[in-house]
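Please read these numbers as outputs of a predicted model, since none were measured by experiment. What's counted below: heavy atoms across the whole structure, side chains too, no hydrogens, waters or symmetry copies. Position 1 is the first residue of the sequence, and the numbers go up from there. First listed ligand is number 1; within each ligand, the first listed atom is number 1.
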Amino acid sequence: MFNAAPLQAVGKAEQYLELAEQARGLLHGECDRIANAANFAALIYHALPDLNWAGFYFFDGTELVVGPFQGQPACIRIALGAGVCGTAAATRQTQVVRDVNAFPGHIACDSASRSEIVVPLYLGERLIGVWDVDSPTLARFDGDDRVGMERLAGLFVDSLRAA
Ligand code: SME
């Protein structure tokens, strides 16, 4: 079965390039959204250090609803514009939050979370949902993570195109 290679030994940008190759292989030839989301979340959660939650919220036409993830059970529904996830979806901008307690309206699902990155997922003009990753460490995510996570999220969105 597929195993994530240990990535800590190299620099962050290289880690993300390697992880993107692994994600490409994992998603190749499959367009089922749930299957790809589940494997994608498991791959990243286990490959990257210092995470406590990694997963999806999908847009159901009205709000965001939790999808496949790794980590503690999470809140189920998030309105567009609410919290970090709803803000990413509504603004179409990746949110890199160095301190979740300083983010107005942050929704605390796991009290261990200290920082967070959320990438909006759009297929053309259509909102698919968001990719959300939490860390128990303050300021865990930086510009390299933004670039890396956006590239990874793009691979997930691309995998749905045949659907
Ligand atoms: N913190 C998120 C909610 C989802 S959990 O982190 C899994 C937010 O403020 O939108």
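- Among protein heavy atoms, the minimum distance from atom 4 (C) of ligand 1 is reached at Asp132 OD2, 3.4 Å.
- Pairing each heavy atom of Leu48 with each of Gln15, the nearest pair is CD2-OE1, 3.9 Å.
- The minimum heavy-atom distance between Ala88 and Val118, with the atom names listed, is CB-CG1, 3.5 Å.
- The shortest contact between atom 5 (S) of ligand 1 and any protein heavy atom is with Cys109 SG, 3.2 Å.
- A donor-acceptor contact under 3.5 angstrom links the side chains of Glu150 and Thr94, judged on distance only.
- Two residues are said to be in side-chain contact when any heavy atoms from C-beta on lie closer than 4.5 Å; Arg140 and Pro49 meet this criterion.
- Close approach of ligand 1 to Trp53 is summarised as follows: ligand atoms under 4.0 Å from at least one heavy atom of the residue are 7 (C).
- Contact of the Val147 side chain with the Tyr16 side chain is not registered, since no non-hydrogen atoms from C-beta on lie closer than 4.5 Å.
- Taking atom 8 (C) of ligand 1 as the reference point, the nearest protein heavy-atom neighbour is Val84 N, 3.3 Å.
- Neither the backbone nor the side chain of Phe103 comes within 4.0 Å of ligand 1, counting heavy atoms alone.
- The closest protein non-hydrogen atom to atom 3 (C) of ligand 1 is Ile107 O, 3.5 Å.
- Within 6.0 Å of atom CZ in Arg146, more than 12 heavy atoms from other residues, nucleotides or ligands are found, so the atom counts as buried in its surroundings.
- Arg151 places no side-chain N or O within 3.5 Å of a backbone atom of Leu17 that could act as its donor or acceptor partner.
- Not one N or O of Gly83 is nearer than 3.5 Å to an N or O of ligand 1, by distance alone.
- For atom 10 (O) of ligand 1, the closest non-hydrogen atom of the protein is Cys85 N, 2.8 Å.
- With a 4.5 Å cut-off on side-chain heavy atoms, Phe56 and Trp131 count as touching.
- Looking from atom 6 (O) of ligand 1 to the surrounding protein, the closest heavy atom is Asp134 OD2, 2.8 Å.
- Counting atoms of ligand 1 from 1 in the listed order, those under 4.0 Å from a heavy atom of His106 are 1 (N), 9 (O).
- Counting only heavy atoms of the protein, atom 2 (C) of ligand 1 lies nearest to Glu116 OE2, 3.2 Å.
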